[in-house]
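A short worksheet on the structure shown next.
A, B, ... follow the sequence lines: proteins, then strands. Residue 1 opens every chain. In this text, all values refer to a predicted model and were calculated from it rather than measured experimentally.
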Amino acid sequence: MVAIFRNFSTARSSVQYIPRRLSLYAADRDLRRLDGNSFPFFDERKQLESRLVSLLDGCDGLVQLKQVHARVYRKGLEQCCYVLAKLVRTLNELGVPVDSYQRLVFRQVHAQTMLIGGFCSDLYVGNTLIGMYVSCCDLGSGRKVFDEMLHRDVISWTTLIVAYTKTGDMVSAGDLFDGLPVKDMVAWTAMVTGFAQNAKPREALQFFKRMQDAGVETDEVTLAGVISACAQLGVAKYAKWVQDVAEKSGLGPTDNVVVGSAMVDMYSKCGNIEDAYLIFKGMKERNVYTYSSMILGFAIHGLAQAAMQLFNEMVETETKPNKVTFIGVLAACSHVGMVDQGKRVFSLMEKHYGVVPDGDHYACMIDLLGRAGHLNEALKLTETMPVKPHGGVWGALLGACRIHRNPDIAQIAASHLFELEPHAIGNYMVLCNIFASAGRWDDVSDVRKLMRGKGLKKNPGCSWFESKEGEIHEFFAGDTKHPRSSEINGVLEDLLQRLKGLGYQQILSSVAYDVSEDVKKGILMAHSEKLALAFGLLDSSANRPIRIMKNLRICEDCHSFMCGVSHIIGREIIVRDNVRFHHFNGGTCSCGNFW
DNA sequence: ATAGGGTTAG
């Protein structure tokens, strides 16, 4: 067959024009007519190929696809790489989950293309093979095809780069990118987005700057990644800069719904909920992302009424709420303890809006009940909910046990969590904290032993602050490496004395170590958010709010410290912890001590 | 023909 195919392909090279998209019926009829021929000559092979391709184009189900597949073999067309490649594409487009049938097709395609060296010379087939392996999570085979291809284009590279970013292997992705001879906008964007999606926002922003210096164009997809990076970092200065860049490229938030929605999220996560709302208001078109981002923005700022009101406005429009929208509404209730409202929304979401609650929604409900102190009700709901509770659900319960100091329920939650997420360090730390504040030091040391046994290390507390110049200064707990470290300590000492004069007492139970009181006091004063606050006072200009970002939940002692400092200095302090914002002003916090 | 996309509770 191979020999015949090659002979004919040199002897008769003219192929008649065949429209690509025929109706299913016509394609099928033509195929049947061609069935009469016992031996496929080149032109007829070409015709068959086109017919099969158009059949695949019109394919709307797995059954049809399998029929076409069978026909490929019946007609001896298994060497037509294009048809096989198309078959794989169609499987992907149909969204068929990777099962044994799909693997069978993959193996056949690979075997045939190996046989005739298809992917060595044909870019489309090679790229399809890479994509195919990537889609079934066999990156190694994808890489092998890539390495064996004689010619590669930027698409081959980008497919593989993206595959590496999706597995979190940014090093391999970066190596590939560096070796890419001609980098286009899509390839650059893949890297920027890859960093953003792998929680490396700083690298994402650096890459975007490099991209701009290289004179590469920017479009809305690139911006989406960059904006997401800014949101993660929460840096207001970059946020403004990115908006400038966007508007210069004609992709401002007013006219572009993707850019606008991402910016709503970005500004609210930078602490500028007012700017977020301004963007929202100014947008010409709003979709479910836009509304959900805004509702979530209100939620993390503790503005539950605004979130509810916006939700009510939303359901009057054409835009239907989805899963994420309800996460936002429930989170809003949770952050202020609106238990009854939350329960009502939860009960209506399926009945009125057709959104079936999933594990994440239950996690919100457990969080809502737990935060409000209804720990037993929360436990009961966890045990009776219709879907199997995932880590988030038990995690919410564990978090509630920390707030309300309930080591017994905490143990139940933790035992599930250690099964479901054995490597998630945060769970062990929270349990340690709960036992520590109950004075159960033996239990604390058991948990620490368990962690050591698994080779887990504490996730260090880290805070950062954006200086006047837009530089990001990062502080770890107990950090003395900052060049202005001694000044920082001086500021803290001064603040501590003045607060003590007002009756402030350090909350020693916030320390999860069994050490002396003096050591505890020292540990508390070296918490990263306090270091960042002191540096903020040294650096920033007066009358502007001080914005601090933190990777973990703010501790009780730091919370009360911030309250006091906001009173002393007469300035607003905004702290973003891992879940929400705290606006400290004149001695009180926007969370009303409920967080 | 084939590559990059914004929001998600603990």
Side-chain angles (χ1 to χ4, degrees), chain A residues 20 53 57 82 85-86 88-89 92 122-132 134 153-163 165-166 180 184-194 196-197 219-229 231 253 256-266 268-269 287-297 299-300 322-335 358-368 370-371 389-403 413 417 421 424 426-427 430 553 578-580:
Chain A
R20 263 190 57 73
V53 167
D57 269 338
Y82 180 75
K86 186 73 193 176
V88 171
R89 292 272 164 210
N92 273 339
D122 189 306
L123 268 173
Y124 175 73
V125 173
N127 287 343
T128 301
L129 273 173
I130 298 178
M132 172 185 100
V134 165
D153 62 2
V154 67
I155 294 174
S156 333
W157 295 80
T158 310
T159 308
L160 214 52
I161 289 173
V162 170
T165 67
K166 293 260 159 77
L180 177 51
D184 69 358
M185 180 171 70
V186 179
W188 278 99
T189 303
M191 288 302 290
V192 172
T193 312
Q197 289 174 345
D219 72 358
E220 56 170 6
V221 184
T222 322
L223 281 174
V226 179
I227 294 170
S228 161
N256 189 305
V257 70
V258 174
V259 170
S261 307
M263 279 191 181
V264 168
D265 176 58
M266 172 176 80
S268 68
K269 285 189 178 153
N287 62 19
V288 66
Y289 282 91
T290 328
Y291 277 102
S292 303
S293 296
M294 195 66 239
I295 289 173
L296 238 114
I300 60 176
N322 68 6
K323 282 171 180 297
V324 181
T325 320
F326 282 103
I327 298 275
V329 178
L330 293 174
C333 296
S334 179
H335 283 312
D358 64 10
D360 295 342
H361 297 107
Y362 277 94
C364 290
M365 284 309 287
I366 307 298
D367 186 55
L368 171 69
R371 261 179 219 283
H390 60 225
V393 179
W394 290 112
L397 187 60
L398 185 66
C401 292
R402 161 157 71 178
I403 298 168
L417 277 171
E421 311 176 331
N427 300 327
V430 173
R553 183 183 191 266
N578 57 342
V579 283
R580 63 168 295 161

OP1, OP2 of [N] versus side-chain N and O of [X]: anything below 4.0 Å?
X: Gln197(A); N: dG4(B); result: no
X: Ser228(A); N: dT7(B); result: yes
X: Lys269(A); N: dT8(B); result: yes
X: Arg371(A); N: dA9(B); result: no

Remember a base hit wins even if backbone is also touched, and classify [X] as base, sugar-phosphate or nothing at under 4.0 Å, heavy atoms.
X: Val579(A); value: sugar-phosphate
X: Leu160(A); value: nothing
X: Ser293(A); value: sugar-phosphate
X: Gly426(A); value: nothing
X: Asn578(A); value: nothing
X: Val162(A); value: sugar-phosphate
X: Asn256(A); value: nothing
X: Asp360(A); value: base

Length of the line joining Met132(A):CE and dT2(B):C1', which is rounded to integer Å: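 To the nearest whole Å, that distance equals 14 Å.
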Value in whole Å for how far the P atom of dG10(B) lies from OH of Tyr362(A):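 Taking atom P of dG10(B) as the reference, OH of Tyr362(A) is at 18 Å.
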Nucleotide nearest Met185(A) when distance is taken to its side chain, options dG4(B), dT2(B), dA3(B):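 Output: dG4(B).
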Shortest side-chain distance from Asn427(A), nucleotide among dG6(B), dG5(B), dG10(B):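 In terms of side-chain proximity for Asn427(A), the closest of dG6(B), dG5(B), dG10(B) is dG10(B).
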Gap separating the OG atom of Ser156(A) from the CG atom of Leu123(A), nearest 0.5 angstrom: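 Reported to 0.5 Å precision, the distance equals 5.5 Å.
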Gap separating the OG1 atom of Thr325(A) from the CE atom of Met294(A), nearest 0.5 angstrom: 13.5 Å
Polar side-chain contact Glu421(A)-dG10(B) base: donor and acceptor under 3.5 Å: yes
Trp394(A) vs Leu397(A) side-chain heavy atoms within contact, under 4.5 Å: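 Result yes, sub-4.5 Å side-chain heavy-atom pair found.
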Heavy-atom check, side chain of Val154(A) versus side chain of Val186(A), under 4.5 Å: no
Aromatic stack Tyr124(A)/dA1(B): centroid gap under 5.5 Å, interplanar angle under 30°: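 Here Tyr124(A) meets both the 5.5 Å and the 30° conditions.
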Residues Lys323(A), Asp360(A): salt bridge by 4.0 Å N-O rule: no
